[in-house]
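What follows is one structure encoded as structure tokens, with my remarks underneath.
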2 protein chains.
Amino acid sequence: MKSNITMKDIANKLGVSSVTVSKALSNKEGVSDELKTKIKKLAEDMGYRYNTAAKSIKDGLSYNIGVLIPERFTGINQSFYMTVYQHISLHLEQYGYFGILNILSSEEEESLSFPRLYNEKKVDGIIILGQVSKPYIETIQSMDLPKLFLDFYDEHSAIDSIVSDNFYGAYEITNYLIRNNHKKIAFVGNIYSTSSIQDRFLGYYKSLLEHGLTLDPQFILNDRDKRGTYIDIVLPKETPTAFVCNCDQVAYNLYDRLNTLGYRIPEDCSVVGFDNDIYATLTSPKLTTVAVDIEKMAQLALKTIMDKIDNPDHKNGRIQVQGKIIIRDSVRTL
Amino acid sequence: MKSNITMKDIANKLGVSSVTVSKALSNKEGVSDELKTKIKKLAEDMGYRYNTAAKSIKDGLSYNIGVLIPERFTGINQSFYMTVYQHISLHLEQYGYFGILNILSSEEEESLSFPRLYNEKKVDGIIILGQVSKPYIETIQSMDLPKLFLDFYDEHSAIDSIVSDNFYGAYEITNYLIRNNHKKIAFVGNIYSTSSIQDRFLGYYKSLLEHGLTLDPQFILNDRDKRGTYIDIVLPKETPTAFVCNCDQVAYNLYDRLNTLGYRIPEDCSVVGFDNDIYATLTSPKLTTVAVDIEKMAQLALKTIMDKIDNPDHKNGRIQVQGKIIIRDSVRTL
DNA sequence: CTGAAAGCGCTTACAG
DNA sequence: CTGAAAGCGCTTACAG
């Protein structure tokens, strides 16, 4: 099987023109059925493969979508974004597209450089998966390409985004704790860190408000520093009966902390998380949490970016995807 | 900033030819330094982006590497291959390449269809990450493209492969158990399932042989069915004092099983794993295991595939990357 | 139904 | 040092 068969090669063998071969292989009008069949058969036999690059250069599309993940979200213990990427990659199939992963290094983010993906016109659109710094958002905004934020958003930015419904998710799971007669409920997370955490915090707060519970500032527990590195969680003087953690991994960290201090879960303290990722089922007891609908987020993200490729003026604004509470064994009824 | 600036646009503005612009931007000989600087400056100002597709069509290279992962290795709880993919994606940077993930569906694997990645000439080489069926190996072999097996190999296939040193890794961790005075040591894994598991089993066996211990067939415990789905692990009549699990996830499953049956780890039973993935540190007690050098595997895989792109006759054969034992808390000295 | 011509954006080989 | 010509593999618009 010779390398690099082109339409011309097929055309020559059959004594027709490459235009005819092109039409036949892409099922266009204007070729007799007989010839069409003959061409397809020969193409198959010769091991012909379509050269996408040639098409790309014609219509200015790469048929690739870029997924940009900031380096700090790609640690060995943070499989969430890779799982999202996996779903995206799977659904790209139905659009005839492929996905290119570009991990954004911290240096690039700080020096505000464009991702290589962009400089080399490798993609027709780009999904930014995971919060980037404010200045870098401007860099992204200046890119001449359809773009979409996934799993975060920025108030000042006009860029479309798709997020899980952090606010109502946290609201509902806090309601669940209150229905189980908890009153001293702490929130675990750095509420200045990302918009997701902030929204989850506010959902938690809304639930407290609705139930006439006061928000004790001591019950907002920090889980990470400014750069996103996890820190030891410091418990307040009075131990809460329940903890709303901003994500499952932090719930996992909290389990450790509580165990070390001699508290049993859920006998002494109830804990809930958010994300329903691998940490939720690997802990003991298994974690009650809010499941993010990764499937739907990936699907919507692709639909949106494809719409924008077709029509650059297409606007979706911020779309929130509802999650659902998964009840496991980490909450006790008081 | 106008969309789609080309070299011609820059050339027109400066009253030079596009050939000169091409030379200037790629730092070729034959343009005065003065003009070169002027061209680069203008390109920057105009927001020019290089069109890789045009280059692709010239030299027949896509500057992409494909990573093919069989669907069954991409479950929510199987982050290992995604981690490997992540490392690959990171190292691709230094070659000026990008990575395209193609998850191979079970239907494609069964119907022996080429991955879409191949049919559309999207990549210059392909890394198959995770064992595929024997018939599908032949399909891969018939692909007219540099290819490499990562984390598995096939004896009949002439395709280069990079694997972690399963044999010696298992050998050494079994030695470690024996040094801790264990004598009744079981192996957990379906030894007909993949070459990795087989090799790990044989390393375990070598250790037994060397220490004059007999291999009791009842001490080979099955962990999965033919299709790779995990099954309940059935313990032998006489309980071993130690278990060599073929991977960390199975060790995790075994922990569950042993706990249910009332055995404590490591007081009653010692357990070791393989891979040092997320399961190793999320279990309690933390798992003593063999760390696979993902970093080095990814690096070698890329080096090899790039060598093959440069020279299709390049042959590496099977390369084994040494792992190392990570001692944690799941083994007790008898 | 079939095909010659032109063009997508770049590079290479050659001429001046 | 600079550029006209040809070509990579395909498609589109048009002519026959």
Side-chain angles (χ1 to χ4, degrees), chain A residues 2-40 42-43 46-64 96 118-124 144-145, chain B residues 2-40 42-43 46-64 96 118-124 144-145:
Chain A
K2 179 193 138 197
S3 250
N4 207 27
I5 314 286
T6 70
M7 289 189 179
K8 191 87 194 110
D9 295 327
I10 300 173
N12 286 153
K13 275 224 175 172
L14 250 31
V16 300
S17 84
S18 61
V19 176
T20 302
V21 174
S22 168
K23 284 174 186 159
L25 291 182
S26 55
N27 282 315
K28 293 252 166 65
E29 299 279 282
V31 190
S32 67
D33 283 352
E34 196 194 357
L35 184 52
K36 202 178 264 186
T37 317
K38 223 157 103 186
I39 290 173
K40 285 189 175 173
L42 184 60
M46 293 175 75
Y48 171 75
R49 290 187 287 145
Y50 184 82
N51 190 331
T52 320
K55 179 166 197 196
S56 284
I57 205 174
K58 282 288 293 180
D59 47 34
L61 290 173
S62 65
Y63 301 100
N64 293 141
Y118 175 72
N119 284 329
E120 299 180 11
K121 286 203 181 166
K122 274 289 196 174
V123 296
D124 303 335
D144 178 23
L145 200 70
Chain B
K2 180 191 138 199
S3 250
N4 207 26
I5 315 286
T6 70
M7 289 187 179
K8 190 88 194 109
D9 296 326
I10 300 173
N12 287 155
K13 276 225 173 167
L14 251 32
V16 299
S17 85
S18 61
V19 176
T20 303
V21 174
S22 169
K23 284 175 187 158
L25 292 181
S26 55
N27 284 315
K28 292 252 167 63
E29 298 279 283
V31 190
S32 65
D33 282 351
E34 194 193 358
L35 184 52
K36 201 178 266 187
T37 316
K38 221 155 106 185
I39 290 174
K40 285 189 176 173
L42 184 60
M46 294 176 74
Y48 171 76
R49 290 187 287 145
Y50 184 81
N51 191 330
T52 320
K55 180 166 197 197
S56 284
I57 205 174
K58 280 289 291 181
D59 46 33
L61 290 174
S62 64
Y63 300 99
N64 293 141
Y118 176 72
N119 284 328
E120 299 180 10
K121 285 202 181 168
K122 275 286 194 176
V123 295
D124 302 335
D144 179 22
L145 200 70

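These figures come from a predicted structure and were not determined experimentally.
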**Asked** Considering residues at least two apart in sequence or located in another chain, which fulfil the ring-ring contact (aromatic ring centres under 6.0 Å, His included) criterion with B/Tyr63?
**Response** B/Tyr97
Using atom names, set out every protein N or O paired with an N or O of nucleotides 5-7 of chain D below 3.5 Å, distance rounded to 0.1 Å.
unit_1 : atom_1 : unit_2  : atom_2 : d
D/dG7  : N2     : B/Lys58 : NZ     : 3.0

**Message:** Among C/dG9, D/dG3, C/dT11, which nucleotide has an atom closest to any side-chain atom of B/Ser17?
**Reply:** D/dG3
**Request:** Scan for side chain to side chain donor-acceptor pair (under 3.5 Å) pairs involving residues 25-35 of chain A, sequence neighbours excluded, and state none if there are none.
**Result:** A/Asn27-A/Lys40
**Asked** Among C/dC10, D/dT11, D/dG3, which is the nearest nucleotide to the side chain of B/Tyr48?
**Response** C/dC10
**Request:** Mind checking the NZ-CG spacing from A/Lys23 to A/Leu35? Nearest 0.5 Å is all I need.
**Result:** 11.0 Å
**Asked** When you measure from every atom of DNA chain C, which of residues 21-39 of chain A have a heavy atom less than 4.0 Å away?
**Response** A/Lys23, A/Gly30, A/Val31, A/Ser32, A/Leu35
**Message:** Going by the rule side-chain contact (heavy atoms from CB on, under 4.5 Å), which residues pair with B/Thr37 if we only count those two or more places apart in sequence or in a different chain?
**Reply:** none
**Request:** Compare side-chain N and O positions of A/Asn4 against OP1 and OP2 of D/dC8 and report whether any pair is under 4.0 Å apart.
**Result:** no
**Item:** Interatomic distance where CG belongs to B/Asp59 and P belongs to D/dC8 [whole Å]
**Value:** 13 Å
**Request:** Report yes or no: does A/Tyr118 contribute a side-chain atom to a donor-acceptor pair with the main-chain N or O of B/Arg49 at less than 3.5 Å?
**Result:** no
**Asked** Roughly how far, to the nearest 0.5 Å, is the CG atom of A/Leu42 from the CG atom of A/Asp9?
**Response** 9.5 Å
**Message:** For DNA chain D, please output the secondary structure as dot-bracket, reading 5' to 3'. Pairs are Watson-Crick or G-U wobble, both atom distances under 3.5 Å; mark crossing pairs with [ ], other-strand partners with |, unpaired with a dot.
**Reply:** |||.||||||||.|||
**Euclidean distance, B/Lys121 NZ relative to A/Tyr48 OH, rounded to 0.5 Å** = 7.0 Å
**A/Lys38, NZ: over 12 other non-hydrogen atoms inside 6.0 angstrom** = no
**Request:** Could you work out which one of C/dG9, D/dG3, C/dC10 sits closest to the side chain of B/Thr20?
**Result:** D/dG3
